[in-house]
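Worksheet for the structure shown next.
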Amino acid sequence: MVTMKRWEYDTASGGLEKNLHLTTNAPKPKITSKNQVLVEVISMAINPADYKVPEMGIISKAMISTPASPGMDFCGRVVSFGDAVKKFKEGELVFGALLGPATNGTLSQFVIVQDSNCASLPNNVSADHGAAFGAAGFTAYQSIAPHVKDGDDVFINGGSGGTGTWGIQIAKALGCHVTTSCSTGNVDLCKSLGADEVIDYKSFNIIEKLESKGQRFTLVVDNVGSPGNLYKASTSFLVPSGRFVQVGASMDFASAKIVIGNMVLPSFLGGGQRKYEFFTPKINADDLGKARDLLAKGKAKAVIDSTYEFENAPKAFEKLKTGRTKGKIVIHVKKE
């Protein structure tokens with residue numbers, strides 16, 4: 001059996017970062033279908049879902065068989081591929097993401113991905129920056145691009161995190177006027193990414209600031225889930241045909257209750273009055289190709305909070321869990 005190194009866990013009880021262990025004899029994955037690509041990982045980036053899902057206890061056990069390796073985002077080199085894959089060649093650098101937390105995640109030397117889930121890395125983009133696009137960049141693209149046109153006003157709640165930093169740039173690249181929210185220390189970062197207006201939630205009430213602008217926004221993208229009544233209040237700042245897209249929320253009962261209420265409660269029973277969507281990304285080659293073009297043209301680039309070497313992966317999760325990251329955290333799987 002050909003083996004590889006990977007970080008894995010058998011349980012996430014007490015915190016994923018406390019349960020990760022490095023193994024050197026994990027089975028190297030094999031191509032099993034015609035549309036798969038085997039990638040040697042150079043860099044990978046981590047997302048909150050990488051630890052939140054494994055830490056969901058009995059629910060995670062039903063979703064992920066263990067031992068499992070975390071991670072969805074990657075950039076690496078093509079090793080081999082199935083018979084139906086025509087767009088890549090061996091040795092080519094590619095980037096992308098898995099569809100969600102899985103047993104065989106990207107915190108590994110090798111990973112199997114569908115060819116629709118990866119794209120060739122532009123020559124002007126580094127492996128770290130390619131890995132940092134991943135699920136956050138794709139989520140930002142799909143939660144914004146289908147719903148806006150040039151000149152629209154967009155509000156992004158949570159502009160300094162992994163998804164928000166991509167979202168600001170993507171919305172600007174699509175010709176939108178962008179308002180975003182963040183803490184005091186991240187205001188300059190959001191402005192540097194192109195945000196036209198920034199609401200410091202430490203100093204101002206987000207809803208009151210938005211209501212003072214009137215019904216001007218075409219789209220609200222909520223990467224945070226706080227304040228919890230943002231959707232119900234959106235009637236006063238979203239245009240009648242506007243849309244509220246929920247991307248992020250806490251994984252607790254109170255937040256789940258709010259989200260479910262937003263989805264099913266009609267306005268006459270106290271629900272919201274605008275279109276509401278709980279967003280789930282669906283990675284496809286067409287959208288990934290459009291997003292790749294933005295990277296290649298320099299219209300969007302990764303904001304990297306910090307990088308860690310492979311042997312220090314648990315420390316990367318410790319940092320992510322502080323909730324005080326600016327952009328993405330990248331782990332170097334292979335030194336190049």
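For reference, positions follow the sequence shown, starting with 1.
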task = Considering only NZ, NE, NH1 and NH2 on the basic side and carboxylate oxygens on the acidic side, decide whether E197 and K209 come within less than 4.0 Å.
result = no

task = Report yes if some heavy atom in the side chain of Y201 is under 4.5 Å from a heavy atom in the side chain of S183; otherwise report no.
result = yes

query = How many angstroms lie between CG in N117 and CG in L288, if you round to the nearest 0.5 Å?
reply = 8.0 Å

Donor on one side chain, acceptor on other, R292 and S120, under 3.5 Å = yes

query = Does the side chain of I206 come within less than 4.5 Å of F155's, by heavy atoms?
reply = yes

task = Would you indicate whether N25, at its atom CG, is surrounded by more than 12 heavy atoms from other residues, nucleotides or ligands within a distance under 6.0 Å?
result = yes

inquiry  = I need the single residue from K334, Q109, R77 that forms a side-chain hydrogen bond (donor to acceptor under 3.5 Å, both in side chains) with E40. Which is it?
reply    = K334

message = Given 3.5 Å as the limit, does a donor-acceptor pair link the side chain of D153 with the main chain of F217, or not?
response = no

ask   = Are I199 and V187 connected, step by step, through hydrophobic side chains (Ile, Leu, Val, Met, Phe, Trp, Tyr) whose heavy atoms are closer than 4.5 Å?
value = no

ask   = Crowded around K34 NZ? As in, over 12 foreign heavy atoms under 6.0 Å?
value = no

message = Between N35 (side chain only) and D115 (backbone N and O only), is there a donor and an acceptor less than 3.5 Å apart?
response = no

note = Taken to the nearest 0.5 Å, the spacing of E311 CD from H332 NE2 works out to 11.0 Å

ask   = Can you find a pair of side-chain heavy atoms, one from V333 and one from S108, that are under 4.5 Å apart?
value = no

message = Between K89 and V78, is there a side-chain heavy-atom distance shorter than 4.5 Å?
response = no

task = Mark yes when over 12 heavy atoms from residues, nucleotides or ligands other than K87 sit less than 6.0 Å from its NZ; otherwise mark no.
result = yes

query = Is it true that atom NZ of K315 has more than 12 heavy atoms of other residues, nucleotides or ligands lying nearer than 6.0 Å?
reply = no

inquiry  = Nearest 0.5 Å, please: how far is CD1 in I46 from OH in Y51?
reply    = 9.0 Å

inquiry  = Please determine whether the number of non-hydrogen atoms from other residues, nucleotides or ligands lying under 6.0 Å from atom CG of D188 exceeds 12.
reply    = no

message = Are the side chains of H129 and C75 in contact, using a 4.5 Å heavy-atom criterion?
response = no

task = Would you sort out whether K149 and D152 count as a salt bridge (Lys or Arg N to Asp or Glu O under 4.0 Å), showing the intermediate values?
result = CA-CA 6 Å; K149 62 183 184 301; D152 282 349; 3.2 Å; yes

inquiry  = Go through it in stages, so that I can follow the logic: the residues are F133 and W166, the test is ring pair (Phe, Tyr, Trp, His ring centres under 6.0 Å), and I'd like the CA-CA distance, side-chain angles, deciding distance and then a yes or no.
reply    = CA-CA 8 Å; F133 183 81; W166 283 113; 5.0 Å; yes

ask   = Looking at side-chain heavy atoms only, is the closest gap between S181 and F204 below 4.5 Å?
value = no

Result block: side-chain N/O donor-acceptor pairs under 3.5 angstrom for residues 94-104, not counting sequence neighbours:
{"from": "T103", "atom 1": "OG1", "to": "S65", "atom 2": "N", "distance (Å)": "3.3"}
{"from": "T103", "atom 1": "OG1", "to": "S65", "atom 2": "O", "distance (Å)": "3.1"}
{"from": "T103", "atom 1": "OG1", "to": "S65", "atom 2": "OG", "distance (Å)": "3.0"}
{"from": "N104", "atom 1": "OD1", "to": "R6", "atom 2": "NH1", "distance (Å)": "3.2"}

query = E8 versus H21: any side-chain heavy-atom pair under 4.5 Å?
reply = yes

ask   = Looking only at side chains, do S160 and N186 share a donor and an acceptor under 3.5 Å apart?
value = yes

key: Members sharing M4's hydrophobic cluster (side chains within less than 4.5 Å)   = I31, L38, V79, F110, I112

query = Can you check whether P70 reaches F317 side chain to side chain, under 4.5 Å on heavy atoms?
reply = yes

ask   = Looking at CE of M72 and CD1 of I283, how far apart are the two atoms once the value is rounded to the nearest 0.5 Å?
value = 8.5 Å

ask   = For the side chain of N124 and the backbone of A296, is there at least one donor-acceptor N/O pair under 3.5 Å apart?
value = yes

query = Looking at CD1 of I156 and CD1 of I170, how far apart are the two atoms once the value is rounded to the nearest 0.5 Å?
reply = 8.5 Å

task = Specify whether Y276 and F244 have parallel, tilted or perpendicular ring planes, treating 30° as the upper limit for parallel and 60° as the lower limit for perpendicular.
result = parallel

query = Is a salt bridge present between K290 and D293, judged by a nitrogen-to-oxygen distance below 4.0 Å?
reply = no

ask   = Which value, rounded to the nearest 0.5 Å, describes the distance between K319 atom NZ and N312 atom CG?
value = 13.5 Å

message = With ring pair (Phe, Tyr, Trp, His ring centres under 6.0 Å) as the rule and sequence neighbours excluded, what pairs involving residues 59-88 come up?
response = none

task = Run the salt-bridge test on D128 and K328 with the 4.0 Å N-O cut-off and return the result as yes or no.
result = no

